[in-house]
Amino acid sequence: MTRLLAISDLHVAYQENRDFVSRLRPDDPADWLLVAGDVGEIGADVEWALGVLRERYAEVVWAPGNHELWTPREDPLRLRGEQRYRHLVEVCRRLGVHTPEDPYPVWDGPGGPVTVAPLFTLYDYSWRPDGTSTKDEALALAYDRGVVCTDEILLHPDPYPSRDAWCEARIAETERRLSTLDAERPVVFVNHYPLVREPTRVLYHPEFAQWCGTDRTADWHRRHRTAAVVYGHLHIPRSTRYDGVRFEEVSVGYPREWRKRGSAPNRPRQILPVPVAES
């Protein structure tokens with residue numbers, strides 16, 4: 001039986017994770033794979049991993065994470081911000097991988113048809129820790145407690161004046177595209193960040209939530225006929241429901257994290273058809 005599968009946060013800079021991707025193969029060559037960001041930081045690594053997956057899966061759908069948008073000193077690819085994102089989109093198109101800039105593909109296998117909508121939304125510092133009411137206050141608290149996302153150093157928003165301004169532009173463009181969806185066909189959202197804040201409530205460091213999403217997406221799963229929301233970023237793989245909608249956090253994470261969960265990284269999770277235990 002063919003399946004719609006999902007995974008995220010492959011972080012192939014780590015050799016153990018790179019080996020995992022090298023071994024990853026579908027049970028059925030007709031399987032699709034949704035990749036919800038953080039494949040890696042180095043441009044060539046991202047291209048390698050997505051190329052390997054595209055050779056093996058019938059279709060691959062990619063939504064960018066924050067790590068793909070970093071510009072590390074060791075990366076020969078010196079592009080920043082929007083230019084870096086657009087470069088990765090062109091890499092994906094060359095590989096035959098779907099991106100947020102392409103027509104949304106339709107999964108017509110078991111459990112379908114559904115529209116698969118990869119998103120690129122970023123964050124706007126609206127998920128602030130308790131006791132703070134502004135971005136400046138939230139950031140000051142995070143710096144004071146030593147809980148600061150590396151995005152503040154490596155994720156450049158060029159040509160936008162800030163990451164939250166880039167987020168605003170992405171939300172506007174994404175809402176425009178989502179308004180054209182077939183209202184009768186269910187949609188599977190694929191985004192690096194959860195669309196709602198609730199999944200971040202379990203973070204060990206609540207200050208980190210401000211780099212995890214935006215209030216602007218809080219009703220998207222209700223506004224549309226949503227079959228499932230796939231996300232990563234938190235490195236807390238689990239299945240939850242909000243307003244009756246399945247939210248699937250599908251991250252592999254760093255080797256030190258998946259070793260705590262077991263002896264091997266999590267394999268891609270089945271999104272459709274809905275697993276019997278969840279139906």
Electrostatic pair R93:E90 at N-O distance under 4.0 angstrom
yes
Just checking, any donor-acceptor pair under 3.5 angstrom between side chains of D151 and Y123?
yes
Would you check if the side chain of R246 reaches a backbone N or O of A228 as a donor-acceptor pair within less than 3.5 Å?
no
Within-4.5 Å side-chain heavy-atom neighbours: W166 and L155:
yes
T121 vs W220, side chain to side chain contact (heavy atoms under 4.5 Å, CB included): CA-CA, chis, key distance, verdict
CA-CA 12 Å; T121 59; W220 286 10; 3.9 Å; yes
Nearest-0.5 Å distance, CG of residue L5 to CG of residue L34:
7.5 Å
Going by heavy atoms in the side chains, are P100 and R170 under 4.5 Å from each other?
yes
Could you measure the distance from the OG atom of S251 to the CD atom of E257? Nearest 0.5 Å is fine.
7.5 Å
Please check: side-chain N/O of Q270 versus main-chain N/O of P273, any donor-acceptor pairing under 3.5 Å?
yes
On a heavy-atom basis, the closest approach of P72 and R84 is CD-NH2, 4.2 Å
Any link between Y104 and V61 through a network of hydrophobic side chains (Ile, Leu, Val, Met, Phe, Trp, Tyr) touching at under 4.5 Å?
no
Is the shortest side-chain heavy-atom distance between L203 and I236 below 4.5 Å?
yes
Once you round to the nearest 0.5 Å, how far does CH2 of W127 lie from CZ of R201?
9.0 Å
Is there a continuous path of hydrophobic side-chain contacts, each under 4.5 Å between heavy atoms, that joins V190 to Y242?
no
Going only through I, L, V, M, F, W and Y residues with side-chain contacts under 4.5 Å, is there a path from V274 to W32?
yes
Mark yes or no for whether D31, through its side chain, and R3, through its backbone, hold a donor-acceptor pair below 3.5 Å.
yes
Does a donor on one side chain sit under 3.5 Å from an acceptor on the other, for N17 and W258?
yes
Gap separating the CG atom of L195 from the NE2 atom of H221, nearest 0.5 angstrom
8.0 Å
Minimal heavy-atom distance between R176 and T180, with the atoms involved, is O-CG2, 3.7 Å
If you count every heavy atom of other residues, nucleotides or ligands that lies below 6.0 Å from D130 atom CG, does the total exceed 12?
no
Evaluate the ring planes of F120 and Y85, with Trp represented by its six-membered ring, and classify them as parallel (under 30°), tilted (30 to 60°) or perpendicular (over 60°).
tilted
Residue that, paired with H156, satisfies side-chain hydrogen bond (donor to acceptor under 3.5 Å, both in side chains) out of R80, Q83, R163
R80
Show the nearest heavy-atom pair for residues L50 and V97, with the distance to one decimal.
O-CG2, 4.3 Å
Side-chain (T71) to main-chain (R78) donor-acceptor, under 3.5 angstrom:
no
Tell me, do V250 and N266 make a side-chain contact under 4.5 Å, heavy atoms counted?
no
Do any N or O atoms from the side chain of E249 and from the backbone of H235 form a donor-acceptor pair under 3.5 angstrom?
yes
In terms of heavy-atom contacts, does CD of E101 have more than 12 from other residues, nucleotides or ligands at under 6.0 Å?
yes
Do D102 and T99 pair up side chain to side chain, a donor and an acceptor below 3.5 Å, judged on atom types alone?
yes
Could you check whether any side-chain N or O of R54 sits under 3.5 Å from a backbone N or O of C92, counting only pairs where one atom can act as donor and the other as acceptor?
no
Under 3.5 Å side-chain donor-acceptor pair for S126 and D124:
yes
Compare all side-chain heavy atoms of L10 with those of R18 and state whether any distance is below 4.5 angstrom.
no
Rounded to the nearest 0.5 Å, what separation is found between the CZ atom of R128 and the CD atom of Q210?
9.0 Å
Using side chain to side chain contact (heavy atoms under 4.5 Å, CB included), reason through Y204 and V147 one step at a time and then give a plain yes or no.
CA-CA 11 Å; Y204 185 75; V147 182; over 6 Å; no
Please determine whether residues L119 and L272 belong to a single hydrophobic cluster, defined as Ile, Leu, Val, Met, Phe, Trp and Tyr linked transitively by side-chain heavy-atom distances below 4.5 Å.
no
Is any side-chain heavy atom of P268 less than 4.5 Å from a side-chain heavy atom of L33?
yes
How long is the straight-line distance from CG of D38 back to CG of N66, given to the nearest 0.5 Å?
4.5 Å
After noting the C-alpha distance and the side-chain angles of R259 and E16, does the key distance pass the side chain to side chain contact (heavy atoms under 4.5 Å, CB included) rule?
CA-CA 11 Å; R259 287 194 195 104; E16 299 98 320; 2.5 Å; yes
Check: C167 and R216 side chains under 4.5 Å, non-hydrogen atoms:
no
Honestly curious: do V229 and L178 fall in one hydrophobic cluster under the side-chain, below-4.5 Å linking rule?
yes
V39 and D45, any side-chain heavy atoms less than 4.5 Å apart
no
Intermediate values then yes/no, side chain to side chain contact (heavy atoms under 4.5 Å, CB included), V21 and L53
CA-CA 8 Å; V21 172; L53 297 174; 4.3 Å; yes
Polar side-chain atom of D75 near backbone of L77 as donor-acceptor pair, under 3.5 Å
yes
Check the angle between the aromatic planes of H11 and Y254 and answer parallel, tilted or perpendicular using the 30° and 60° thresholds.
tilted
Work out which heavy atom in R185 is nearest to a heavy atom in T115; give both atom names and the distance.
CD-OG1, 3.1 Å
Test item: side-chain donor near acceptor, W107 and E59, under 3.5 Å
no
Spell out, as yes or no, whether a donor-acceptor pair under 3.5 Å connects the side chain of R261 to the backbone of V252.
yes
Should the heavy atoms of other residues, nucleotides or ligands under 6.0 Å from CD of E175 be counted, would the total exceed 12?
yes
Shortest non-hydrogen pair, G131 vs E137, comes out as O-OE1, 4.4 Å
Heavy-atom closest contact (P110 atom, M1 atom, distance)
CG-CG, 3.9 Å
